[in-house]
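Heads up: numbering here begins at 1 and tracks the sequence. Only this structure's heavy atoms are used, side chains among them; waters, hydrogens and symmetry mates stay out.
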Amino acid sequence: TTPDGFDVDGVRAIHNCEEGNVAPGVVADFTESRLSSMPNPSDGRSTVTFNVSQTAQTTLDVYDMSGRNVSTLFTQVAQENQEYRISFEGAYLPIGVYIFRLTSGNDAIVSKFMIAR
């Protein structure tokens, strides 16, 4: 994040919200869903790791930069705070930038990755 508290990608913005800096009587939930992939850039093969903040129907999709869904990697109920690792075989895709999109309950997270050979 940047010093003003906003995420550089604009994916998630939390301003002036730090653990321990919550008004009296307010219960704050700092558990959040996470999404990452390794390696990045890759030759097309990568491992996507994610967890969700609450048990919910979850979908992990891959999109190209034109917004076309090129693959759905996961579509089932994901358990809260359990780490999931999904192998992605994208060697058939052309070189370029792609997006992993994780949708779970009311959360949606995107993560960019590059295929470079």
Side-chain angles (χ1 to χ4, degrees):
T1 59
T2 60
D4 64 359
F6 291 95
D7 187 302
V8 176
D9 289 339
V11 174
R12 183 177 298 257
I14 300 173
H15 185 64
N16 294 334
C17 186
E18 297 176 11
E19 194 166 0
N21 187 20
V22 179
V26 174
V27 176
D29 179 10
F30 291 98
T31 306
E32 60 183 45
S33 301
R34 299 184 191 277
L35 171 66
S36 64
S37 65
M38 291 296 289
N40 189 9
S42 78
D43 62 359
R45 293 179 206 95
S46 61
T47 300
V48 184
T49 305
F50 70 89
N51 71 318
V52 295
S53 61
Q54 59 186 347
T55 300
Q57 180 65 35
T58 302
T59 305
L60 177 62
D61 292 307
V62 181
Y63 293 91
D64 65 15
M65 292 309 289
S66 297
R68 289 182 295 244
N69 182 318
V70 297
S71 185
T72 298
L73 304 178
F74 185 91
T75 180
Q76 62 188 49
V77 174
Q79 299 299 312
E80 175 181 4
N81 295 323
Q82 178 178 333
E83 184 175 271
Y84 292 85
R85 290 181 178 269
I86 309 292
S87 294
F88 174 61
E89 180 55 60
Y92 66 94
L93 294 170
I95 292 170
V97 178
Y98 294 85
I99 295 173
F100 289 118
R101 183 172 193 265
L102 179 70
T103 307
S104 181
N106 294 327
D107 289 341
I109 301 172
V110 297
S111 177
K112 294 182 231 171
F113 72 101
M114 179 182 289
I115 294 177
R117 294 182 190 93

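In this structure Met114 satisfies the side chain to side chain contact (heavy atoms under 4.5 Å, CB included) test together with Asn40, Pro41, Val97, Ala116, sequence neighbours excluded. Ile95 is linked by a side chain to side chain contact (heavy atoms under 4.5 Å, CB included) to Arg117, counting only residues two or more places apart in sequence or in another chain.
Note that CZ of Phe113 is 5.5 Å distant from OG of Ser46, once rounded to the nearest 0.5 Å. Interatomic distance, Phe88 CZ to Thr47 OG1, rounded to the nearest 0.5 Å: 11.5 Å. The distance from atom CD of Gln82 to atom OG1 of Thr55, rounded to the nearest 0.5 Å, is 9.0 Å. Rounding to the nearest 0.5 angstrom, the gap separating the OG atom in Ser111 from the CZ atom in Arg34 is 13.0 Å. Residue Asp107 holds its CG atom at 4.5 Å from OG of Ser53, rounded to the nearest 0.5 Å. Here CD1 of Ile86 is found 12.5 Å from OG of Ser37. Values are rounded to the nearest 0.5 Å.
In this structure, Phe74 has its ring center under 6.0 Å from that of Phe50.
Of all non-hydrogen atoms in Val52 and Ser104, the two that sit nearest each other are CG1-OG, 3.4 Å. Contact detail for Thr72 and Asp61: the closest heavy-atom pair is OG1-OD1, 2.7 Å. Shown here for Leu93 and Tyr98, the closest heavy-atom pair between the two residues is CB-OH, 3.6 Å. Residues Ile115 and Gly90 share a closest heavy-atom pair of CD1-O, 3.6 Å.
Under a hydrophobic-cluster definition in which Ile, Leu, Val, Met, Phe, Trp and Tyr are linked whenever side-chain heavy atoms come within less than 4.5 Å, directly or via other members, Val48 and Met38 are assigned to different clusters. In the hydrophobic clustering of this structure, Val110 groups with Met65; members are Ile, Leu, Val, Met, Phe, Trp, Tyr whose side-chain heavy atoms approach within less than 4.5 Å, directly or through other members. Residues Val70 and Leu60 share a single hydrophobic cluster, defined by chaining ILVMFWY side chains whose heavy atoms lie under 4.5 Å apart.
Using modelled atom types, no side-chain atom of Tyr92 and backbone atom of Gly44 make a donor-acceptor pair closer than 3.5 Å. Here the side chain of Thr103 pairs no donor or acceptor atom with the backbone of Ala108 at under 3.5 angstrom. Side chain of Thr75 to main chain of Thr59: no donor-acceptor pair is present (N/O by atom type, distance under 3.5 Å, no hydrogens or angles).
Annotation: salt bridge (charged side-chain N to carboxylate O under 4.0 Å, His left out) contacts involving residues 40-54, sequence neighbours excluded, comprise Asp43-Arg45, Arg45-Glu89.
Shown here is Asn69, whose CG atom has more than 12 heavy atoms of other residues, nucleotides or ligands within 6.0 Å.
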